[in-house]
Amino acid sequence: TRTPVNVTVTGAAGNIGYALLFRIASGQLLGADVPVKLRLLEITPALKAAEGTAMELDDCAFPLLRGIDISDDPNVAFDGTNVALLVGARPRTKGMERGDLLEANGGIFAPQGKAINGHAADDVKILVVGNPANTNALIARAAAPDVPAERFTAMTRLDHNRAATQLAKKLGAGVEDVKKLTIWGNHSATQYPDIFHAEVAGRNAAEAVGDEKWLAEDFIPTVAKRGAAIIEARGASSAASAANAAIDHVHTWVNGTADGDWTSMGVVSDGSYGVPEGLISSFPVTTKDGSYEIVQGLEINEFSRARIDASVKELAEERDAVRALGLL
Ligand code: NAI
């Protein structure tokens, strides 16, 4: 029998946590033959709620679930962790400045990065979901100098999946027909969903759409503002689709992208496509055997260039703000 994989989830008692943990325990994160041990990290006042979720996990009698530990200490929750899902974060409240938001999240992600550095397994893979995801990943990474930088990733898979559905609907195709879609930049309203290299049922997507106005005024804002639209409609934020995207992100990272396709991940820039080295920005990536590569050599037209640059500028500003706080 296989050794269980340790999966740590922070913010386990939150909305995404509730949508995520059952799917991990059922085998959807890593595969139907991979046993898992869950490590739940919460703040002290939420430990009781996390225990309630653990009771429900027990009650599912998942054959792959080999244990659940709950802690409010990052050093315990990240001990031996192989997959770390950093979901819990400090949300922006009304009137909060960006600096305050980044400082509050620095107080979460710097200690968690340090705990990962000191205690995680050698093969640890980290996905940051909690917003501002790219910059929180940067903060955690800076606090974990012994962990290879490429293990820190930020989630833009929800944006990717949203874009795939919007594009498929526009062209009357199925989502499974959509390939090589890219989210560039920051997981924020400045993100750029790029269909110029995408294919739908074997045809270039931008040509098949043939409507730059739709792209600029409908598709891009619909994808970028989808989170707000869900809050408006549901009265609560997108938790199930975010959890689904986290599952997809890790599953693709571990199991690989299909031939002739790629995915979108926030990863440490190596300077590709003019994105300053070291920023955690979303790129087209292919994955194989648990590692990934940024897709090289794509031609970037003027329409795309301006939008990638705008999002990357925002990331650089967030990095500078975090640096000014002494977090980098
Ligand atoms: P939530 O507020 O329901 O849950 C967050 C949980 O994190 C709470 O239970 C809280 O106690 C916990 N938490 C706070 N500080 C913590 C710490 N230091 N250690 C451990 N746990 C801590 O929020 P929800 O809906 O689950 O969302 C979580 C995050 O995911 C938010 O930052 C949200 O903006 C972000 N998000 C990111 C998306 C993406 O595409 N990257 C998509 C959707 C949400």
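Predicted model only: the values in this text are computed from it and were never measured. Because only heavy atoms are used, hydrogens play no part in the values below, and waters and symmetry mates are left out as well, while side chains stay in.
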- Determine yes or no for a side-chain-to-main-chain donor-acceptor pair under 3.5 angstrom, with Ser291 supplying the side chain and Lys288 the backbone. yes

- Item | Nearest-0.5 Å distance that lies between atom CH2 in Trp184 and atom CG in Asp309 | 11.0 Å

- Message: Heavy-atom count check: over 12 atoms from other residues, nucleotides or ligands less than 6.0 Å from Asp122 CG?
- Response: no

- Assess the side chains of Ser241 and Asn244: does a donor N or O sit below 3.5 Å from an acceptor N or O? no

- Any luck finding a side-chain donor-acceptor pair between Ser272 and Asp270 under 3.5 Å? yes

- Which is it for Arg2 and Val34 under the side-chain contact (heavy atoms from CB on, under 4.5 Å) test, yes or no, and what are the steps along the way? CA-CA 7 Å; Arg2 284 183 69 162; Val34 185; 3.6 Å; yes

- Check whether Ile294 and Val268 end up in the same hydrophobic cluster, where Ile, Leu, Val, Met, Phe, Trp and Tyr are linked by side-chain heavy atoms less than 4.5 Å apart. no

- Item | Test item: Arg151 and Ile116 side chains (from C-beta on) under 4.5 Å apart, heavy atoms | no

- Query: Can you hop from Val124 to Val267 via hydrophobic side chains spaced under 4.5 Å?
  - Reply: no

- Give a yes or no answer on whether the side chain of Tyr292 reaches the backbone of Gly256 with a donor-acceptor pair at less than 3.5 Å. no

- Message: When you measure from the side chain of Thr287 to the backbone of Thr252, do you find a donor-acceptor pair of N or O atoms at a distance under 3.5 Å?
- Response: yes

- Backbone N/O of Val275 and side chain of Ser269: donor-acceptor pair under 3.5 Å: yes

- Task: Without swapping roles, check the side chain of Tyr192 against the backbone of Ala310 for a donor-acceptor pair under 3.5 Å.
- Result: no

- Message: Any non-hydrogen side-chain atom of Lys170 less than 4.5 Å from a side-chain atom of Asp211?
- Response: yes

- Polar side chain donor-acceptor pair, Arg162 to Ser238, under 3.5 angstrom: yes

- Message: How long is the straight-line distance from CG of Asp259 back to NZ of Lys179, given to the nearest 0.5 Å?
- Response: 11.0 Å

- Note on the structure: Closest non-hydrogen contact found for Arg90 with Asn105 is N-OD1, 2.9 Å

- With Asp72, which residues qualify under salt bridge (Lys or Arg N to Asp or Glu O under 4.0 Å), at least two apart? none

- Message: Within this structure, what is the CG-CZ distance for the pair Leu64 and Arg66, rounded to the nearest 0.5 Å?
- Response: 6.5 Å

- Task: Give a yes or no answer on whether the side chain of Arg234 reaches the backbone of Ser237 with a donor-acceptor pair at less than 3.5 Å.
- Result: yes

- Minimum side-chain heavy-atom gap Leu21-Val9 below 4.5 Å: yes

- Message: Distance check, rounded to the nearest 0.5 Å: Leu41 atom CG versus Leu47 atom CG?
- Response: 8.5 Å

- Message: Less than 4.0 angstrom from a charged side-chain N to a carboxylate O is my criterion; do Lys180 and Glu199 meet it?
- Response: yes

- Message: Keeping Arg23 on the side-chain end and Gln28 on the backbone end, is there a donor-acceptor pair under 3.5 Å?
- Response: no

- Query: Is a side-chain donor or acceptor of Thr153 paired with a backbone partner of Ile126 at a separation under 3.5 angstrom?
  - Reply: yes

- Item | Sequence neighbours excluded, every pair satisfying salt bridge (charged side-chain N to carboxylate O under 4.0 Å, His left out) that has a member inside residues 105-120 | none

- Item | Shared hydrophobic cluster, Leu315 / Val223 (ILVMFWY, side-chain heavy atoms < 4.5 Å) | yes

- Nearest heavy atoms of Ala189 and Ala224, plus distance in Å: O-CB, 3.6 Å

- Value rounded to 0.5 Å, distance of CG in Asn255 from CG in Asp248: 11.0 Å

- Item | Set of ring-ring contact (aromatic ring centres under 6.0 Å, His included) partners for Phe303, sequence neighbours left out | Phe196

- Query: Asn134 and Gly185: which non-hydrogen atoms are nearest, and at how many Å?
  - Reply: ND2-O, 3.3 Å

- Between CZ on residue Arg157 and OG on residue Ser282, distance to nearest 0.5 Å: 11.0 Å

- Query: What heavy-atom pair brings Gly278 and Leu138 nearest, and what distance separates the two atoms?
  - Reply: O-CD1, 3.3 Å

- Query: Is there a path from Val128 to Phe283 through hydrophobic residues (I, L, V, M, F, W, Y) whose side chains come within less than 4.5 Å of each other?
  - Reply: no

- Query: Asp69 side chain to Arg39 main-chain N or O, any donor-acceptor pair under 3.5 Å?
  - Reply: no

- Message: Looking at every non-hydrogen atom in both residues, tell me the closest pair between Leu181 and His160 and how far apart they are.
- Response: O-CE1, 3.2 Å

- Could you tell me whether the side chain of Glu42 and the main chain of Ala50 form a donor-acceptor pair under 3.5 Å? no

- Message: With a 4.5 Å cut-off on side-chain heavy-atom distances among I, L, V, M, F, W and Y, is there a chain of contacts connecting Leu101 to Ile108?
- Response: no

- Donor-acceptor side-chain pairing of Trp262 and Thr182 below 3.5 angstrom: yes

- Query: Going by atom types alone, do Asp218 and Thr222 pair a side-chain donor with an acceptor below 3.5 Å?
  - Reply: yes

- Query: Is there side-chain contact between Asn131 and Pro91, with heavy atoms separated by less than 4.5 Å?
  - Reply: no

- Mind jotting down which residue pairs meet the ring-ring contact (aromatic ring centres under 6.0 Å, His included) criterion with at least one end in residues 8-62? Sequence neighbours excluded, please. Tyr18-Phe22

- Query: Counting only heavy atoms not in Glu176, do more than 12 sit closer than 6.0 Å to its CD atom?
  - Reply: yes

- Message: I need the minimum non-hydrogen distance between Leu29 and Val250, along with the two atoms involved.
- Response: CD1-CB, 3.6 Å

Quiz: residues 318-328 side-chain donor-acceptor pairs under 3.5 angstrom, not counting sequence neighbours:
| unit_1 | atom_1 | unit_2 | atom_2 | d |
| --- | --- | --- | --- | --- |
| Glu318 | OE1 | Thr135 | OG1 | 2.4 |
| Glu318 | OE2 | Asn186 | ND2 | 3.1 |

- Picking from Ile24, Asn82, Val36, Ile247, what satisfies side-chain contact (heavy atoms from CB on, under 4.5 Å) with Leu30? Val36

- Without hydrogens or angle criteria, can the side chains of Glu314 and Thr190 be said to hold a donor-acceptor pair below 3.5 Å? yes

- Query: His249: what forms a ring-ring contact (aromatic ring centres under 6.0 Å, His included) with it, not counting sequence neighbours?
  - Reply: Trp253

